[in-house]
Number of protein chains: 2
Amino acid sequence: MLAKQKELIVQLLRSSKLSITDTRVKILELFLKSNGALEHADFEKLSGKSFDRVTIYRTLQTFLDKGIVHKIPTTDTSVRYAICKSDCGEHDHHDHHVHFRCEECGSTRCLEETDIPVISLPKGYDAHNVEVVVSGVCKECK
Amino acid sequence: MLAKQKELIVQLLRSSKLSITDTRVKILELFLKSNGALEHADFEKLSGKSFDRVTIYRTLQTFLDKGIVHKIPTTDTSVRYAICKSDCGEHDHHDHHVHFRCEECGSTRCLEETDIPVISLPKGYDAHNVEVVVSGVCKECK
DNA sequence: GATGTTTATGCAACATTGTTGCAATTTTAT
DNA sequence: ATAAAATTGCAACAATGTTGCATAAACATC
């Protein structure tokens, strides 16, 4: 791993008041390496099974709590996580961007440059958060 | 069950070329009774455990294949199904409406009257389907 | 650096959810 | 009423997620 990247990861953990551990560094490294969303099984594969399953679950939950990653909705039982690029904190997490799932390669990524549109709901509904997942074919698979 | 409703369900199954069985009728009845989305566990509870788990899985998959129900994306491991009110067939299923998840009562429902907005993606991406899930507080919980 | 305290990890055991093969039953068509 | 086709229930298995607790690692302080 590049020293530069390692420094970035350490800063990220410090700013969330988390201690620096091998598991957390490795998982963040995997997030930065992949430009898409990851699910639990990916971490077991990509990390070479060097970490316990339970540790991975707990690490992801911690990152969620701290606003370091966010979940992406899916229509199956998998839970997908993506790293938050910006504007997310421990107490105010919002995805202001669209998620895209490619039907060809199966990857899911955040389209940071594509804003969530305003949805006008029927009378009586209060919206707190809006999730948009677009599926189709990505740039690379065309 | 009302004879009228039963007749409706039988028609629905017939038009999808499915045979009329107790499980299928019961599950459709539960869909019509609830005005929100249901997940697998709900069927086990609501049906009074009268059906085998496997049968429920297979029935839901059959309904999906036939376009009778659709899935709603979630950020956890649950898989939520809602009955299609309109314009869905076996080979062209589209949700043209927004889904709403209430943070208070936990129910998920289809907002048939709220259209999915047009999302303009970055160059190179082809969109086939757009899912929108809004979370917040519903009419009943305010 | 060494030391004690706090925090994170790994293991075991368990709970939940989903899948597959096959025999028995039910539905449908004749 | 009967035969063929489809569905169901059971058993066994696979995958995924959770909890308690002892061990190990990280951190703050000296």
Side-chain angles (χ1 to χ4, degrees), chain A residues 6-7 9-30 37-66 68-69 71-81 90 106 108, chain B residues 6-7 9-30 37-66 68-69 71-81 90 106 108:
Chain A
K6 169 89 187 223
E7 187 54 31
I9 287 171
V10 168
Q11 289 302 328
L12 183 54
L13 288 171
R14 278 204 210 292
S15 67
S16 295
K17 297 193 176 58
L18 292 174
S19 50
I20 318 297
T21 70
D22 289 351
T23 315
R24 289 175 182 163
V25 171
K26 182 69 181 179
I27 286 184
L28 286 177
E29 200 187 337
L30 291 173
L38 296 172
E39 56 188 277
H40 182 273
D42 294 327
F43 296 105
E44 297 203 62
K45 274 179 237 144
L46 295 173
S47 73
K49 290 187 195 276
S50 46
F51 303 112
D52 193 81
R53 280 174 354 100
V54 178
T55 303
I56 297 173
Y57 282 118
R58 288 196 273 226
T59 301
L60 290 171
Q61 184 59 52
T62 302
F63 288 172
L64 260 187
D65 293 344
K66 295 292 184 176
I68 295 175
V69 301
K71 287 183 179 181
I72 299 173
T74 64
T75 52
D76 57 28
T77 56
S78 68
V79 180
R80 278 199 188 62
Y81 299 87
E90 183 165 2
T108 302
Chain B
K6 169 89 185 220
E7 188 51 34
I9 287 171
V10 168
Q11 288 304 327
L12 183 55
L13 287 171
R14 277 205 209 291
S15 66
S16 294
K17 297 192 174 59
L18 292 175
S19 49
I20 318 298
T21 70
D22 290 350
T23 315
R24 289 175 181 164
V25 170
K26 181 71 181 177
I27 286 184
L28 286 177
E29 200 187 335
L30 291 174
L38 296 172
E39 55 189 279
H40 182 272
D42 293 328
F43 296 105
E44 296 203 61
K45 275 179 236 144
L46 295 172
S47 73
K49 290 183 196 276
S50 46
F51 302 112
D52 193 80
R53 281 173 353 98
V54 178
T55 304
I56 297 173
Y57 282 115
R58 288 196 272 225
T59 302
L60 290 171
Q61 185 59 53
T62 302
F63 287 174
L64 261 186
D65 293 344
K66 294 292 185 179
I68 296 175
V69 301
K71 286 185 180 181
I72 299 173
T74 65
T75 52
D76 57 27
T77 55
S78 68
V79 181
R80 279 198 188 62
Y81 300 86
E90 183 165 0
T108 301

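Below, chain A is the first sequence line, B the second, and so on; all start at residue 1.
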Taking only side-chain nitrogens and oxygens of [X], does any of them come within less than 4.0 Å of OP1 or OP2 of [N]?
X: B:R58; N: D:dT8; value: no
X: A:R24; N: C:dA8; value: yes
X: B:T21; N: C:dT27; value: no
X: A:T55; N: C:dG10; value: yes

Take atom [atom1] of [X] and atom [atom2] of [N], then tell me their distance rounded to the nearest Å.
X: A:L13; N: D:dA26; atom1: CG; atom2: C1'; value: 12 Å
X: B:Q61; N: C:dT19; atom1: CD; atom2: P; value: 8 Å
X: B:D76; N: D:dT16; atom1: CG; atom2: C1'; value: 13 Å
X: B:K26; N: D:dT7; atom1: NZ; atom2: P; value: 21 Å
X: A:D65; N: C:dT7; atom1: CG; atom2: C1'; value: 15 Å
X: B:F43; N: C:dT17; atom1: CZ; atom2: P; value: 14 Å
X: A:E44; N: D:dG17; atom1: CD; atom2: C1'; value: 11 Å
X: B:L60; N: C:dT19; atom1: CG; atom2: C1'; value: 14 Å

Nearest listed nucleotide, side chain of [X], among [options]:
X: A:Y57; options: C:dG18, D:dC27, D:dT18; result: D:dT18
X: A:T77; options: C:dG10, C:dG18, D:dA26; result: C:dG18
X: B:L18; options: D:dT7, C:dT9, C:dA8; result: D:dT7
X: A:S19; options: D:dG9, D:dT16, D:dC27; result: D:dC27

Is there, by distance only and without an angle test, a donor paired with an acceptor across the side chain of B:R53 and the base of D:dG9 below 3.5 Å? no
Assess whether side-chain contact (heavy atoms from CB on, under 4.5 Å) is satisfied between A:L30 and A:D42, documenting all intermediate values. CA-CA 9 Å; A:L30 291 173; A:D42 294 327; over 6 Å; no
Please give me the minimum heavy-atom distance between A:I72 and B:T75, naming the atom from each residue.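 Between these two residues, the closest heavy atoms are C-CG2, 4.2 Å.
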If every non-hydrogen atom of A:A37 is compared with every non-hydrogen atom of A:R80, which pair is closest and at what distance?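 Closest approach of A:A37 to A:R80, heavy atoms only: CB-CD, 4.1 Å.
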Under 3.5 Å, is there a donor-acceptor pair between the side chain of A:S15 and the main chain of A:L12?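 Pair found, side chain donor or acceptor close to backbone of A:L12.
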Under 3.5 Å, is there a donor-acceptor pair between the side chain of A:R24 and the main chain of A:S19? yes
Between B:K17 and B:V54, which residue's closest nucleotide on DNA chain D lies nearer the 5′ terminus?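 The 5'-side residue here is B:K17.
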Determine the contact category for A:T62: base if any of its heavy atoms lies under 4.0 Å from a base atom, sugar-phosphate if only primed atoms, P, OP1 or OP2 are that close, otherwise nothing. nothing
Nearest-nucleotide check on DNA chain C, B:I20 vs B:E39; residue mapping nearer the 5' end is B:E39
